[in-house]
Structure formats: C-alpha cells, structure tokens
Amino acid sequence: MTEPQYDEDPEPSERFPAGLLYVPFRPGPCGHTTLRLFRTPLGRRTAVGFTSRRRLVTTLGTEQAWIRLAMPALRALAEPLGVTTLTVDPQFTAPAAAPERARAAAPAAPDRAASAAPAPASALRVG
C-alpha cells in the first residue's frame, strides 16, 4: 500500500489536548451542577477547560469546583446554550466582583487618567 498524497498542509489546524479536561462548574438548583461559562475580552461567551488541576487552581483559585470532561462532552454541554467557543488553559481572568457594601467601604480608586501605565487586559471574565 502507498501513503495517500495530500495537497493540503499535513499539520492540524487546531491543537486539541489529549485526555480529560478540568472543567469549572458551579452548584445549580436541586443539587445539580451547572457548567460555568465565561466571556472573552470581546464579550463572546465561552466554555473553559484546563489541561491540569494546577492550571485551573492558578487561574480560578482553590475554591473553584471542577469536574473532568472530554472536549467533545464539554462542547455537547455548551452547544445547547448557544456557546460555540471553547477556551483551553486561559491564563488571565478579571477579578471577582466585590459585594456592594465592600465596594462602598473600599477607598476610592485612583484616577485612571492620571496613571501613565495602562490597565492590564484580561483574557476571560465571568459572565
């Protein structure tokens, strides 16, 4: 047998992680779990998976609950919600929102116009 010849680049166009992903979730009603969705910097909703527990904890914190899912299972859960984007191993997140009374007690933020350094951009935000 001979190897088939391809006119296209033999390298895959997307890199898929092998094995199961660590997928963040949150408790839902009646003891069910709910897939935790995020937003990209442009506001598009995305499902998120991590290739290691350490990466999940580094990005979302030790209190974040997670489950193990294969990429096709994660896509199957997100698709009925209208989420077609999947982000693997995001490295940045926006800070968690503070409760209203904590924000009122916090000192006023410095004027951004007076600061010469731009604020860092985040890769994901809770939404």
Side-chain angles (χ1 to χ4, degrees):
M1 274 188 147
T2 61
E3 292 269 323
Q5 297 295 319
Y6 298 101
D7 293 331
E8 298 175 353
D9 183 6
E11 295 292 323
S13 61
E14 292 185 46
R15 182 179 68 93
F16 292 106
L20 298 174
L21 296 172
Y22 292 82
V23 178
F25 77 90
R26 58 187 170 87
C30 303
H32 294 92
T33 59
T34 304
L35 180 64
R36 188 169 175 199
L37 298 175
F38 296 84
R39 292 197 181 269
T40 66
L42 297 176
R44 190 172 186 181
R45 292 189 326 162
T46 182
V48 173
F50 295 87
T51 54
S52 72
R53 184 174 184 271
R54 180 183 56 80
R55 290 181 185 215
L56 180 137
V57 168
T58 299
T59 305
L60 299 176
T62 57
E63 299 299 316
Q64 176 60 57
W66 52 269
I67 56 174
R68 300 284 310 264
L69 290 174
M71 189 179 291
L74 178 54
R75 285 189 188 278
L77 286 173
E79 191 173 311
L81 302 171
V83 178
T84 57
T85 304
L86 176 64
T87 305
V88 177
D89 288 332
Q91 296 182 0
F92 304 105
T93 61
E100 284 296 320
R101 59 182 170 268
R103 273 191 251 147
D111 183 17
R112 286 199 184 262
S115 173
S122 62
L124 295 176
R125 63 182 175 160
V126 178

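Residue numbers run from 1 in the order of the sequence given. Side chains included, hydrogens not; waters and symmetry mates left out as well; all remaining heavy atoms used.
Residues that satisfy the side-chain contact (heavy atoms from CB on, under 4.5 Å) test with Ala70, not counting sequence neighbours, are Leu20, Pro72. Partners of Arg53 under the side-chain hydrogen bond (donor to acceptor under 3.5 Å, both in side chains) rule, at least two apart in sequence or in another chain, do not exist in this structure. Residues meeting the side-chain contact (heavy atoms from CB on, under 4.5 Å) test with Thr85, sequence neighbours left out: Arg44, Thr46, Thr87.
The structure places CG of Leu77 at 8.5 Å from OG1 of Thr33, a figure rounded to the nearest 0.5 Å. With values rounded to the nearest 0.5 angstrom, Leu35 atom CG is found 10.5 Å from Phe25 atom CZ. Between atom OG of residue Ser52 and atom CZ of residue Arg54 there is a gap of 5.0 Å, rounded to the nearest 0.5 Å.
Gly49 and Leu86 make their closest contact through N-CD1, 4.5 Å (heavy atoms, listed as atom of the first residue, atom of the second, distance). For the pair Asp89 and Arg55, the tightest heavy-atom approach, listed with the atom from each and the gap, is OD2-NH1, 3.0 Å. Nearest heavy-atom pair across Val23 and Leu74 is CG1-CD1, 3.7 Å. Closest non-hydrogen pair, Val48 versus Pro24, comes out as O-CD, 3.4 Å.
Pairs of residues two or more places apart, or lying in two chains, that qualify as side chain to side chain donor-acceptor pair (under 3.5 Å) and include a residue from residues 62-71 are Tyr22-Arg68, Arg36-Gln64.
For the pair Leu21 and Leu69, the minimum side-chain heavy-atom distance is 4.5 Å or more.
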